[in-house]
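Below is one structure, written out as structure tokens; the observations come after it.
Both counts, for ligands and for their atoms, begin at 1 and track the order of listing.
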Amino acid sequence: MNLSERAKFQKFLHKKIKQSFIRTKHCFILGCNNRTIKSHSLSRARVLERISKNGEVMYMSTENLDSKDSFNLFPTGKAKATTFPGFCDEHDKIFEPIDAHPYEVGNLLQEFLFAMRAVAREYTVRKAMQDSLEE
Ligand SMILES: [Zn+2]
């Protein structure tokens, strides 16, 4: 597969995966049917702000291949970076203890919330990937 064909395939695959995220998105909290928002897997205020430059962070993209590398880094806004459709607005607020406060070693609530957010993100991604592969 030459680079042009590979780039077309990557764009096609990226579009299909994006559609799967749209089809499968829902709040991670059982029984909640509220519309999801773009939840951050990393705290926007505490983490992304620190590593951003001019309001942007770099991310790996499979969408725009212009070399033989598997992944290229592209700039994206802090508001979009590390987001996933895993929580509604109401339930995304439960992460306030880790989004608005520094981590305290041994704080079990914060440690639980970090773990829960990671599980929710992985669950959301895997569900969308399964949907994409089944299609
Ligand atoms: Zn919810």
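Note on residues 35-50: pairs passing side chain to side chain donor-acceptor pair (under 3.5 Å), not counting sequence neighbours, are Ser39-Asp92, Glu49-Lys78.
Considering Leu73, Ile51, Thr76 in turn, Leu73 is the only one that fulfils the side chain to side chain contact (heavy atoms under 4.5 Å, CB included) rule with Met58.
Protein N/O/S atoms closer than 2.8 Å to the Zn ion (ligand 1), listed by chain and residue number, are Cys27 SG, Cys32 SG, Cys88 SG, His91 ND1.
In the hydrophobic cluster analysis, where Ile, Leu, Val, Met, Phe, Trp and Tyr join through side-chain heavy atoms closer than 4.5 angstrom, Leu48 is grouped apart from Phe87. No continuous path of ILVMFWY side-chain contacts below 4.5 Å connects Tyr103 to Leu42, so the two sit in separate hydrophobic clusters.
Under the rule for a ring pair (Phe, Tyr, Trp, His ring centres under 6.0 Å), Phe84 has no partner lying at least two apart in sequence or in another chain.
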For residues 119-126, tabulate all N or O donor-acceptor pairs below 3.5 Å that involve a side-chain atom, not counting sequence neighbours.
| from | atom 1 | to | atom 2 | distance (Å) |
| --- | --- | --- | --- | --- |
| Thr124 | OG1 | Ala120 | O | 2.8 |

